[in-house]
Amino acid sequence: MASALEQACRERGVRLSLQRRIILEVLQTAEDHPCAADLHQRIAGHGISVATVYRALNSLAEAGLLVRRDFGDGKARYERTQAQRHDHLIDLRSGKIIELSDCRLAPLLQAVADRLGYRLVGYRMDLFGEPVSPGVYP
Ligand SMILES: [Zn+2]
């Protein structure tokens, strides 16, 4: 029986090579949003070249299995595509990226689009902030 990952790859017409499987599994368990260099470091024991990591990331992102993020630090960062959308808050002091899944702005943005005569199909939002009290995260 095919795993959910194999099924998702088949549906998107992507061959699930060993390298891609390793990258997807590392991203599945990552609690941050690693860049290609971070990923290459994390899979160092598998003998996968950095060029292969970049190619795999591009293919998986094109297929919709990964999402490429740009948080303004000059690095493309990656995460697995999730069923539910989320936004991010970037801590400018520590660089920590906090996921926000409870965005109450969505209905407001939909109302703005409605008023302008558009059906909202998506939006991107990243918040950048500094902690008011050090060490306090949701
Ligand atoms: Zn995220």
Side-chain angles (χ1 to χ4, degrees):
M1 182 169 198
S3 71
L5 185 56
E6 289 165 342
Q7 182 73 27
C9 285
R10 195 173 303 136
E11 286 170 9
R12 291 169 171 87
V14 176
R15 193 173 63 83
L16 186 58
S17 64
L18 179 61
Q19 292 92 337
R20 289 176 183 170
R21 180 188 294 274
I22 291 167
I23 289 168
L24 286 168
E25 286 174 358
V26 167
L27 280 172
Q28 184 69 43
T29 56
E31 293 185 1
D32 57 355
H33 298 71
C35 67
D38 296 333
L39 281 166
H40 184 246
Q41 213 166 34
R42 290 178 198 182
I43 60 173
H46 294 282
I48 300 171
S49 73
V50 72
T52 299
V53 170
Y54 276 101
R55 277 195 304 271
L57 288 170
N58 284 331
S59 299
L60 294 167
E62 281 175 25
L65 290 161
L66 302 180
V67 180
R68 185 181 291 123
R69 305 281 189 192
D70 175 2
F71 297 122
D73 63 356
K75 296 177 185 174
R77 297 180 175 278
Y78 297 87
E79 64 183 329
R80 289 288 304 268
T81 301
Q82 298 174 21
Q84 207 164 15
R85 70 155 289 129
H86 64 274
D87 300 301
H88 299 92
L89 176 112
I90 296 92
D91 183 321
L92 292 173
R93 284 201 197 142
S94 69
K96 184 179 172 95
I97 299 165
I98 300 163
E99 298 204 324
L100 308 170
S101 55
D102 175 28
C103 182
R104 295 176 193 142
L105 279 176
L108 179 63
L109 296 172
Q110 179 62 62
V112 170
D114 287 346
R115 199 169 54 242
L116 295 170
Y118 285 87
R119 181 177 59 84
L120 188 66
V121 295
Y123 67 90
R124 292 189 308 188
M125 182 174 69
D126 296 319
L127 307 176
F128 296 88
E130 295 177 343
V132 177
S133 174
V136 177
Y137 294 108

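Note: hydrogens, waters and symmetry copies are ignored here, and every other heavy atom, side chains too, is used. Just so you know, ligand 1 is whichever comes first in the structure, and atom 1 is the first atom listed for that ligand.
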Ignoring hydrogens and angles, state whether a donor on the side chain of Asn58 or Glu62 is under 3.5 Å from an acceptor on the partner side chain. no

Between the SG atom in Cys35 and the CZ atom in Arg68, the distance rounded to the nearest 0.5 Å is 12.5 Å

Transitively linked via ILVMFWY side-chain contacts under 4.5 Å: Leu92 with Met125? no

With Asp126 via salt bridge (Lys or Arg N to Asp or Glu O under 4.0 Å) - residues at least two apart: none

Which atoms of the protein, restricted to N, O or S, are nearer than 2.8 Å to the Zn ion (ligand 1)? His33 NE2, Glu79 OE1, Glu79 OE2, His86 NE2, His88 NE2, Glu99 OE2

For Arg15, does its backbone N or O pair with a side-chain atom of Arg20 as donor and acceptor, under 3.5 Å? yes

Within one Ile-Leu-Val-Met-Phe-Trp-Tyr cluster: Leu66 and Ile48, side-chain cutoff 4.5 Å: yes

